[in-house]
Every structure is written in structure tokens, then in C-alpha cells.
2 protein chains.
Amino acid sequence: MSAHPERAGKPEKEASIVENALRKSGFRWTNQRALIVREALATHAHFTAEELLDLCRKKDPKVSRATVYRTLSVLEDAGFVEGLETGDGGRRFEHVLGHEHHDHMVCLICEKILEFRDDELERRQELAAKRVGFNIERHSLHLYGTCKQCMQEQRKK
Amino acid sequence: MSAHPERAGKPEKEASIVENALRKSGFRWTNQRALIVREALATHAHFTAEELLDLCRKKDPKVSRATVYRTLSVLEDAGFVEGLETGDGGRRFEHVLGHEHHDHMVCLICEKILEFRDDELERRQELAAKRVGFNIERHSLHLYGTCKQCMQEQRKK
DNA sequence: GTAGGTGCAAACCTTTTGCAGCATG
DNA sequence: CATGCTGCAAAAGGTTTGCACCTAC
């Protein structure tokens with residue numbers, strides 16, 4: 001049912017990649033971080049901080065909200081997680097291990113998020129930036145609208 | 001000093017475009033809305049809700065925050081105003097009268113927002129959407145990074 | 001006259017922070 | 001055993017809402 005069945009790679013292996021990277025940067029590898037990373041990597045979906053907290057609490061009910069936020073922030077800085085805007089002011093995350101960069105189409109009706117990638121798009125962005133001497137660190141391209149299924153639903157009415 | 005000196009068109013004329021559109025949709029045209037629209041159109045910058053409130057209160061100190069938010073929402077729905085993410089969780093707005101659609105480069109250091117446009121980019125987005133039967137209503141392309149000036153500053157150090 | 005709009009304050013939601021205690025390296 | 005991390009609870013934004021009053025149509 002997920003839009004990214006290919007997303008879930010080898011959780012244990014991916015988790016240890018994160019572990020090594022964080023250790024190398026001087027962070028400690030705590031039970032909480034291991035749990036949070038495991039849950040984040042296991043999720044195919046684009047999750048909110050609160051959803052991740054719920055997932056973690058199923059395994060360990062006393063994980064604190066603050067720790068989830070703090071860990072998400074560390075993971076984002078380290079480039080293992082990316083935040084994305086849902087167009088209605090909300091914020092979701094996705095992990096960035098085991099799959100290439102991609103952009104998003106957000107259905108405003110069913111809230112589904114589709115991923116797509118177009119190399120030419122990436123190139124043109126670089127070009128536009130180069131023209132004005134801007135150095136791109138990251139970018140976000142979101143198309144908001146109606147997905148195929150919801151378009152069909154609408155036509156029925 | 002503004003990045004968009006061309007932005008300010010003919011405020012009175014543009015305001016009446018908004019007025020007519022809102023009236024036609026069954027909204028009432030109140031003093032507050034007139035004020036808020038006037039201030040929003042007069043600003044060249046990408047403003048926050050709070051900044052717009054401050055601008056309005058200079059003219060009429062008793063405009064309420066709630067009314068600004070409610071009016072911004074009406075204007076956004078009507079397509080006269082667009083919200084944009086600043087990359088650090090913040091939200092800014094820009095009015096969409098008297099200038100073409102464009103995308104944004106956001107400098108993460110000085111917070112300046114540059115505008116740019118590339119027709120080929122637009123085309124490729126449409127194409128990508130068409131491929132999966134997605135209907136684009138609006139889109140947002142933000143490049144986050146470092147602007148030319150801030151790059152130079154950094155090199156000096 | 002009557003919706004619809006406004007102001008105020010409180011509520012909300014998400015995220016951050018201060019601090020005392022705990023666990024990792 | 002020192003520092004970094006955690007949990008808790010409170011604080012901090014930013015935005016929305018309930019309600020009584022007001023005003024445009």
C-alpha cells in the first residue's frame with residue numbers, strides 16, 4: 001500500500017551506517033537514538049514527529065517527545081532525514097538512506113505524497129543558481145494538486 | 001534596496017481588483033480588509049503575518065491579529081496571496097498581482113529571498129505530472145543555500 | 001434586519017528549553 | 001567519572017477559535 005515499497009532496505013545495516021556516522025561526529029549512541037533511528041528507517045511513509053514518537057512509544061512507552069525532536073534534528077543535520085512541507089503548514093520527514101533524491105507531488109485531497117525525479121529539472125535548477133552566483137545546499141520542489149485517483153473520483157460526481 | 005522594485009504596480013487599481021473579486025465571491029468589503037489588502041499590495045517584501053499586522057496597526061492600531069490571519073487566508077484561497085516556506089519552519093507571504101509566477105532561492109545566512117523563473121523548469125514539471133496523471137494546482141520550488149554576497153563574505157574568512 | 005466580520009482572549013499545536021538525574025564512552 | 005543525553009514540565013512561537021458585539025449590504 002506504500003508508495004515506496006522499495007524504500008525499506010536492510011534496516012539493521014542502514015541503522016549501523018547511521019550509528020557509525022553519528023559516533024564519528026562525536027555523538028553518543030543511546031538506546032533511545034537506536035530506537036528512533038530504527039523506527040524512522042523502518043517507516044516507508046513520510047512521517048510527522050508525533051507519528052514517529054507514537055511508533056517509538058509502542059516499543060518503549062517512556063521515550064520523550066523532546067528526545068524524538070532532538071534526534072530528528074541531529075539526523076536532519078547529518079543528512080539522514082529530510083523535512084518536507086505538506087502545503088498546509090504541516091511538516092513531515094522522510095529518511096534519505098537507500099534511495100535517490102526525488103521531488104514530491106502532494107495530493108491536496110487524499111494527502112498522498114508521490115515521488116518523482118527528473119534529471120533535467122535538477123540541471124536547470126543548478127543552471128539558474130549559477131547564473132546569479134547562488135550556491136545550492138538543498139532544494140525542495142513540491143507540486144500541489146490532485147492525484148490520478150482523486151481526479152477520477154471527482155469526475156464521477 | 002528591495003529585490004523587487006518592479007513589484008509595486010498601481011496599488012489603488014490592484015486593490016480594486018481584489019475588492020471586486022471578493023465581492024463577487026460573496027465576501028463583504030470592510031475597512032479592515034481594505035487596509036490589510038492595501039498594506040499587503042504595497043509591500044515589496046515577502047512578509048510574515050506578524051509583519052503585516054504591524055504595518056496595518058501603524059494605520060489603525062486596533063486591527064486584530066485574528067482579522068489579519070483570517071484575511072490572509074481569504075486572500076490565499078482567492079489566489080491573490082501565496083504562502084512560502086522559509087526553510088527554517090517559518091512562513092512568509094507575497095502578493096501575486098502585477099508580476100509573473102516565479103520560484104525562490106532562499107539564502108540560509110542572510111535570509112534574503114531571490115526570485116527567478118525558468119520556463120523550461122515549468123514545462124518539465126508539467127510533463128512529470130502528466131506522466132502520472134497528476135493535476136498541478138500550484139507548485140513551490142525553493143533552492144536553499146548561500147547567496148552570492150554571503151559566499152563572498154565566507155571566502156574572506 | 002441579518003448574515004458575515006471583528007476584536008479579544010483563550011485555546012491549540014508543534015517545537016524548544018531549563019534543569020536535575022542518568023548512562024555512555 | 002565527566003560530559004552528553006534523557007525525561008519532564010514549562011515556555012515559546014505561530015495560528016485558530018468561541019463568543020459577544022458590530023456593520024455592510
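This is a predicted model, so every value here is computed, not measured. Numbered from 1 within each chain, the chains take letters A, B, ... in sequence-line order.
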Taking D:dT6, C:dT24, C:dG7 as options, the one with an atom nearest any side-chain atom of B:Q32 is C:dG7

Looking only at C:dT15, D:dC5, D:dC8, the nucleotide nearest the A:Y69 side chain is C:dT15

Tell me which nucleotide among D:dT3, D:dA24, D:dC25 gets nearest to the side chain of B:N31. D:dA24

Of the candidates D:dT15, C:dT15, C:dT17, the side chain of A:A49 sits closest to C:dT15

What is the distance, rounded to the nearest whole Å, between atom CZ of A:R65 and atom P of C:dT14? 9 Å

Taking the side chain of A:R28 as heavy atoms from C-beta outward, which of C:dG7, C:dG5, C:dA23 is closest to it? C:dA23

Is it the case that one hydrophobic cluster holds both B:I109 and A:F134, taking links as side-chain heavy atoms less than 4.5 Å apart, direct or via other members? no

Please confirm whether any donor atom in the side chain of B:R70 sits under 3.5 Å from an acceptor in the base of C:dG4, or the reverse. no

Nearest listed nucleotide, side chain of A:A66, among C:dG25, D:dA9, C:dT24: D:dA9

State, without any angle test, whether A:E115 and A:H46 hold a side-chain donor-acceptor pair at a distance under 3.5 Å. yes

Separation of B:K62 atom NZ from D:dC22 atom C1', in whole Å? 12 Å

Whether the A:H102 and A:E94 side chains hold a donor-acceptor pair (N or O, under 3.5 Å, no angle test) is what I'd like checked. yes

Hey, is the side chain of B:T67 poking within less than 4.0 Å of OP1 or OP2 on C:dG7, counting only N and O atoms? yes

To the nearest angstrom, how far is B:R33 atom CZ from D:dC22 atom C1'? 14 Å

Mark yes or no for a side-chain to base donor-acceptor pair under 3.5 Å between A:R91 and C:dT14, with no hydrogen or angle criteria applied. no

To the nearest Å, how far apart are B:W29 CH2 and C:dT6 C1'? 15 Å

